[in-house]
Colleague: 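So that we are looking at the same thing, I have put the structure below in structure tokens.
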Amino acid sequence: MLNDDIVSVARRSVVINERAMGRSGNYKISPTQPIAQEWNTTEKVEKNDYGSVVNDHFQNKHGINWFIVAILIVGETAGGGLVALPSSMVKTGAWAGAALIIISAIASCYTAVQLGQNWIMMQDRWSEYRHSCREPYPEMAYRALGLWARVAMSILLGVQQFCLSVVFLLLASNNIATLLFTLFWIKLNFCFVALIVTAILLPLLMLGTPKDFWQMGLVALISTSTAIVLIFIGTAHDQDECMKEAYYPPVVFEKFSLTYGTIMFAYGGHACFPTFQHDMKKPQDFYKSAIVGFVVMLIMYLPISIYGYLVYGGSLSGGSIIPSIQLNWVQIAVNILVTVHVIVTLIILISPLNLSLEELFKVPNKFGIGRIIIRTLIIICVLFTALSIPKFGPIVDLVGGSTVSLISMILPGVFFMSLVAGKRKSDLKSGTKGDISTSDDQNDRPTLSEIFSLNNPWVLLINFLVIAFGVCGGIASTISAVNELISTSWEVPCYVQIIMGTLNFNADGGLVNCCGRFKNVTTVDVSNPVSFCAAPGF
């Protein structure tokens, strides 16, 4: 017993000496610090300029709490899925679609929690992650698989966030153009609206990290929640007439697999989650944020998807339920709320891409000329892509089925199993548990056989089921999305239309997707269904 105490004291002395010499981080041990106090109490406290380590877990003194992060998760992730999922049910049918939404919610929540566990392990083992880190997800890839994974992850995240930013800019611009015509009869092509939206967004994009603009998440959450209530009101208004004329088309496998990409788009906010967790006061509480966030999203998504499909059936088209709502004031209000959500979500969504490029070009982590140049160039590139490919909808399924599936469903579990095995391998080598690793982590990365032997069998089983779900769904969705892209007739870029003088506001038909098999059933009194309905058939 005495020998064990001597070994414990000696080992602790070595760790304290290493920290004092700077070998395990930027810790400053004060000569007056009561070291004995750490031995005489159950709470271990170590401090640096960014926060402190309490009971082996880092706490950021400038961080935000877990509930605010839950708001950010819902605000950043929900919205696009809210309006798109009901129309995606046309490809799956009501009950198969509902099952897919529920399974995807559970799997996405599970991988989000594992992302959180990955970051906690990294902060426990490597003290540099207790400071400012602009690329937490690529760093996670590096610690799990090596330098090549960090580079690949940075590229993957950049592609996904760039493409989704383009989609959100197009969605916001189209909604605003429609609203201007509906409310004020102003015929302004969305290409010009995109320029205006970009100019308005630019100052807001100069904000630092999510902790500096968490209020955006709250605005997005409130707008989305209000939109849901209004969509229910509008759908209930149309129920009697539309439901009896509803047509439910047969399910086709190719279309079914496209729904996976749409659902991944609806749940796939994982690219931003490590950045949110990095800004938390207590990163170990991220699991609370993830569970609350995904439960709220499931409550949002499931009822409106089933109800919308049952009422409108196959007349749902265009990737959104909003045009199917025939009560005019409801459609206008929902369009306004969704537009607000999309704009603030774009600010949150593009943040990791901004931070990543600022890290690449060594831009100081504060407001300055470097930040202005980098972020301005990024949003200009997003704008140029939006003006070049006005019909960006088919790419949503491709992005959702490929990059989002990888980032949200596959890689979190892969990184988790590698980091857990690496930590246990390091503990076995050093004979200690819980101390900060000062060795070269390259030697601690596990082999494939060690990943199997050092992980809990049940965790392995669950992870492989989730990964298999992501791989199968991602491959099927990607193949279907590529086929869809090949058969899509692309629109001429906005700037080419301007040069040719062919850029006009397109409002030939109505703004409502009327219900029924031929999209000609109205629930309000109209004198001319042809001018009221967007694409009626008789």
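Computed from heavy atoms alone, side chains included, the values below leave out hydrogens, waters and symmetry copies.
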Colleague: Between Gln284 and Gln123, does the side chain to side chain contact (heavy atoms under 4.5 Å, CB included) criterion hold? Intermediate values first, please.
Modeller: CA-CA 10 Å; Gln284 65 269 24; Gln123 286 190 320; over 6 Å; no

Colleague: How about Ile64 and Leu72: do any of their side-chain heavy atoms sit closer than 4.5 Å?
Modeller: yes

Colleague: Below 4.5 Å, heavy atoms only, C-beta onward: do Met140 and Pro274 meet side chain to side chain?
Modeller: yes

Colleague: Report the distance from atom CZ of Phe190 to atom CG of Leu387, rounding to the nearest 0.5 Å.
Modeller: 7.0 Å

Colleague: For a side chain to side chain contact (heavy atoms under 4.5 Å, CB included) check, start with the C-alpha distance between Gln160 and Ser402, then their side-chain angles and the critical distance, and finish with the verdict.
Modeller: CA-CA 9 Å; Gln160 185 216 53; Ser402 55; over 6 Å; no

Colleague: Are a donor atom and an acceptor atom from the side chains of Ser108 and His270 found within less than 3.5 Å of each other?
Modeller: no

Colleague: Taking all non-hydrogen atoms of both residues into account, name the closest pair between Phe162 and Ile378 and its distance.
Modeller: CE1-O, 4.4 Å

Colleague: Say whether, by atom type as modelled, one donor and one acceptor occur between the side chain of Arg517 and the main chain of Tyr248 under 3.5 angstrom.
Modeller: no

Colleague: Quiz question: by atom type and distance under 3.5 Å, do the side chains of Tyr110 and Asn463 form a donor-acceptor pair?
Modeller: yes

Colleague: For the residue pair Pro352 and Ala271, what are the closest heavy atoms and their distance?
Modeller: CG-O, 4.4 Å

Colleague: Determine, step by step, whether Ser104 and Met264 satisfy the side chain to side chain contact (heavy atoms under 4.5 Å, CB included) criterion, reporting the C-alpha distance in whole Å, the side-chain angles of both residues, the deciding distance to 0.1 Å, and the verdict.
Modeller: CA-CA 8 Å; Ser104 298; Met264 281 296 95; 4.2 Å; yes

Colleague: Do Leu355 and Glu135 come within less than 4.5 Å of each other through their side chains, counting heavy atoms only?
Modeller: no

Colleague: Has the side chain of Ser88 got a donor or acceptor atom that lies under 3.5 Å from a matching backbone atom of Leu85?
Modeller: yes

Colleague: What's the spacing between Cys381 SG and Leu353 CG if we round to 0.5 Å?
Modeller: 9.5 Å

Colleague: Between Thr523 and Asp238, do the side chains contain a donor N or O and an acceptor N or O under 3.5 Å apart?
Modeller: yes

Colleague: Without swapping roles, check the side chain of Gln277 against the backbone of Gly116 for a donor-acceptor pair under 3.5 Å.
Modeller: yes

Colleague: How far apart are the closest heavy atoms of Leu169 and Leu383, and which atoms are they?
Modeller: CD2-CA, 3.8 Å

Colleague: Just by distance, do the side chain of Thr111 and the backbone of Met409 share a donor-acceptor pair under 3.5 Å?
Modeller: no

Colleague: Can you establish whether the number of heavy atoms outside Phe67 located under 6.0 Å from its atom CZ is more than 12?
Modeller: no

Colleague: Roughly how far, to the nearest 0.5 Å, is the CH2 atom of Trp185 from the NZ atom of Lys187?
Modeller: 8.0 Å

Colleague: Would you tell me whether Tyr287 and Gln117 have side-chain atoms, one donor and one acceptor, within less than 3.5 Å of each other?
Modeller: no

Colleague: Could you verify whether a donor N or O on one side chain and an acceptor N or O on the other, from Ser388 and Tyr495, lie under 3.5 Å apart?
Modeller: yes

Colleague: Any side-chain heavy-atom pair from Ser173 and Val197 closer than 4.5 angstrom?
Modeller: yes

Colleague: What distance separates Phe276 CZ from Ser351 OG, expressed to the nearest 0.5 Å?
Modeller: 8.0 Å

Colleague: Do Gln161 and Ser356 have side chains that get closer than 4.5 Å, going by heavy atoms?
Modeller: no

Colleague: Determine whether a donor-acceptor pair (N or O, by modelled atom type, separation under 3.5 Å) exists between the side chain of Glu245 and the backbone of Tyr312.
Modeller: no

Colleague: Give me the atom names and distance for the closest heavy-atom approach of Asn118 to Pro412.
Modeller: ND2-O, 3.4 Å

Colleague: For the residue pair Phe294 and Phe273, does the interplanar ring angle fall in the parallel (under 30°), tilted (30 to 60°) or perpendicular (over 60°) class?
Modeller: perpendicular

Colleague: Between Tyr137 and Ile407, is there a donor-acceptor pair closer than 3.5 Å when you use the side chain of the first and the backbone of the second?
Modeller: yes

Colleague: Side chains of Cys515 and Gln326: closer than 4.5 Å at any heavy-atom pair?
Modeller: yes

Colleague: For Tyr307 and Ala236, work out which heavy atoms get closest and say how close.
Modeller: OH-CA, 3.2 Å

Colleague: Less than 4.5 Å apart, any side-chain heavy atom of Trp66 and any of Phe286?
Modeller: no

Colleague: Any donor-acceptor pair under 3.5 Å linking the side-chain atoms of Glu76 with those of Thr345?
Modeller: no

Colleague: Tell me if a side-chain donor or acceptor on Tyr301 pairs with a main-chain N or O of Ala266 at a distance below 3.5 Å.
Modeller: yes

Colleague: With respect to Val338, which candidate in Val342, Ile336, Val340 satisfies the side-chain contact (heavy atoms from CB on, under 4.5 Å) definition?
Modeller: Val342

Colleague: Out of curiosity, Thr77 OG1 to Met300 CE, how far, rounded to the nearest 0.5 Å?
Modeller: 10.5 Å

Colleague: Are Leu411 and Leu156 close enough that some pair of their side-chain heavy atoms sits under 4.5 Å apart?
Modeller: yes

Colleague: Compute the ring centroids of Phe518 and Tyr247, then answer whether they are less than 6.0 Å apart.
Modeller: no

Colleague: Do Asp285 side-chain atoms and Lys288 backbone N/O form a donor-acceptor pair below 3.5 Å?
Modeller: no

Colleague: So Asn520 and Cys514, side chain to side chain contact (heavy atoms under 4.5 Å, CB included) or not? Walk me through it.
Modeller: CA-CA 5 Å; Asn520 60 357; Cys514 294; 5.6 Å; no

Colleague: Would you check if the side chain of Arg371 reaches a backbone N or O of Met206 as a donor-acceptor pair within less than 3.5 Å?
Modeller: yes

Colleague: Do the side chain of Arg375 and the main chain of Leu205 share a donor and acceptor less than 3.5 angstrom apart?
Modeller: yes

Colleague: Starting at OG of Ser324, measure out to CG of Asn513 and round the result to the nearest 0.5 Å.
Modeller: 4.5 Å

Colleague: Between Ala290 and Val113, which heavy-atom pair has the shortest distance, and what is it?
Modeller: CB-CG2, 4.0 Å

